[in-house]
Enquirer: 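First the structure, then my questions, so here it is.
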Amino acid sequence: MFDVYINTVLVLIGIGAFSAIMLAFVAKYFNVIEDPRIDEIEKILPGANCGGCGYPGCRNFAENIVKADNFESLFCPVGGNESMKKAASIMGKVATEKAPLVAIVRCSGSYENRPKTNIYDGVVSCKMASALYLGDTECPNGCLGCGDCVVVCKFDAIHMDKVTGLPIVDDSKCTACGACVKACPRNIIELRKKWPKDRKIFVSCMNKEKGGIAKKYCKVACTGCTKCF
């Protein structure tokens, strides 16, 4: 009986030793040596992991910067030109400067301009409401007011105005990451260049219907002439 215990222990030790040797071999054989510049670039990025650059996170963005031949298609909207200049300096390349952007809301359908015709009783989500019906004002183009854009913003740069029922963008906090743009099922939020003295010039309505039909939805609705586009 004692021999059985000894043999069992020896077999287990042998299996453990063999497994350890195999793991060490695999770890060494498949070891991936990362470019140390990836860590350097990741440190100078804001670390927001917002996806505004088009990549899942800052780490992945840093990896693509190291691999890229040039910076033409690479830009971090949160870190802006300064972060990209630092990254370019590490890589020995030249960064492409871009004009600062800010999110704008192209809708004037406030409670006053666009009276409610029904009450939505469901999941508080613009995406869900858009999939179910036109909205509580019957306008097929206006803001649904559930605040999906507010939920996805990591910078506290957009809030729902209790008076108008529309999202308001805080230009001083907006990083132009584009999260709110992607979250809006009506596509009424866009990224535009910042104008001098923070002035904004855009048509605050996405309605493309003819004047008479458009006015049925909203008092200040666009006539849909498209001359301004």
Side-chain angles (χ1 to χ4, degrees), residues 48-56 77-78 99-195 198-229:
N49 295 310
C50 61
C53 59
Y55 296 94
V78 181
L101 303 176
V102 66
I104 56 105
V105 180
R106 294 188 58 191
C107 181
S108 294
S110 62
Y111 294 141
E112 181 181 356
N113 295 328
R114 194 179 55 167
K116 287 189 176 184
T117 57
N118 61 83
I119 298 175
Y120 171 64
D121 184 16
V123 178
V124 184
S125 165
C126 294
K127 187 176 182 180
M128 184 67 71
S130 179
L132 294 175
Y133 76 143
L134 290 178
D136 54 12
T137 65
E138 293 187 354
C139 177
N141 306 285
C143 176
L144 290 160
C146 296
D148 286 18
C149 51
V150 177
V151 174
V152 298
C153 182
K154 296 184 178 182
F155 306 96
D156 193 37
I158 187 167
H159 300 90
M160 297 303 296
D161 190 311
K162 294 181 180 179
V163 177
T164 64
L166 296 170
I168 301 295
V169 178
D170 185 341
D171 293 358
S172 64
K173 294 182 179 180
C174 181
T175 61
C177 68
C180 58
V181 177
K182 297 175 183 176
C184 181
R186 288 287 172 84
N187 299 315
I188 65 170
I189 304 179
E190 298 178 357
L191 295 179
R192 294 285 185 92
K193 290 181 180 180
K194 285 187 176 181
W195 290 80
D198 293 329
R199 288 177 294 186
K200 299 179 182 179
I201 302 175
F202 62 92
V203 178
S204 187
C205 181
M206 293 293 288
N207 202 318
K208 300 294 178 66
E209 301 286 353
K210 292 183 179 180
I213 299 175
K215 288 293 182 183
K216 181 180 70 173
Y217 301 135
C218 181
K219 292 180 182 178
V220 295
C222 173
T223 60
C225 67
T226 69
K227 291 181 179 179
C228 56
F229 291 88

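Reckoned from all heavy atoms, side chains included, excluding hydrogens, waters and symmetry mates. Only a predicted model underlies this, so the values are computations on that prediction, with no experimental measurement involved.
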Enquirer: Can you measure from OG1 (Thr117) to CG (Asp136) and round to the nearest 0.5 angstrom?
Expert: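 One gets 7.0 Å once the value is rounded to the nearest 0.5 Å.
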Enquirer: Spell out, as yes or no, whether a donor-acceptor pair under 3.5 Å connects the side chain of Asn113 to the backbone of Ser108.
Expert: yes
Enquirer: Evaluate the side-chain proximity of Val169 to Ile189: yes if any heavy-atom separation is below 4.5 Å, no if none is.
Expert: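 Not touching, per the 4.5 Å side-chain cut-off.
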Enquirer: Kindly give the heavy-atom pair with the smallest separation between Arg106 and Val203, and that separation in Å.
Expert: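 Closest heavy-atom pair between Arg106 and Val203: NE-O, 2.8 Å.
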Enquirer: Just verifying a value: how many Å separate Thr137 OG1 and Arg114 CZ, rounded to the nearest 0.5 Å?
Expert: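 These two atoms lie 3.5 Å from each other.
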Enquirer: Hey, mind stepping through Ile104 and Glu190 against side chain to side chain contact (heavy atoms under 4.5 Å, CB included) and telling me if it holds?
Expert: CA-CA 5 Å; Ile104 56 105; Glu190 298 178 357; 4.2 Å; yes
Enquirer: Any idea which heavy atoms bring Ala103 and Cys180 closest together, and the distance?
Expert: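 Looking at all heavy atoms of both residues, the shortest contact is CB-SG, 3.9 Å.
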Enquirer: Work out which heavy atom in Val78 is nearest to a heavy atom in Cys50; give both atom names and the distance.
Expert: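 Of all heavy-atom pairs spanning Val78 and Cys50, the closest is CG2-SG, 3.6 Å.
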Enquirer: Are the side chains of Ser130 and Leu144 in contact, using a 4.5 Å heavy-atom criterion?
Expert: yes
Enquirer: Only one of Cys146, Ser125, Cys126 clears side-chain contact (heavy atoms from CB on, under 4.5 Å) with Pro185; which?
Expert: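 For Pro185, the side-chain contact (heavy atoms from CB on, under 4.5 Å) check succeeds only for Cys126.
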Enquirer: Taking all atoms of both residues into account, what is the closest heavy-atom pair of Ile158 and Cys153, and its distance?
Expert: CG2-CB, 3.7 Å
Enquirer: Should we say atom CE of Met160 is surrounded by more than 12 heavy atoms from elsewhere, each under 6.0 Å from it?
Expert: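 Yes, the 6.0 Å shell around CE holds more than 12 heavy atoms from other groups.
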Enquirer: Please check: side-chain N/O of Arg186 versus main-chain N/O of Cys143, any donor-acceptor pairing under 3.5 Å?
Expert: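 The answer is no, because no donor-acceptor pair under 3.5 Å joins these two groups.
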Enquirer: Can Ile188 and Val105 be said to form a side chain to side chain contact (heavy atoms under 4.5 Å, CB included), step by step?
Expert: CA-CA 6 Å; Ile188 65 170; Val105 180; 4.1 Å; yes
Enquirer: Using every non-hydrogen atom in the two residues, find where Lys116 and Tyr111 come nearest and quote the distance to one decimal.
Expert: CE-CE2, 4.1 Å
Enquirer: To check you understand the geometry: which heavy-atom pair defines the closest contact between Ala176 and Pro77, and what is its length?
Expert: O-CB, 3.4 Å
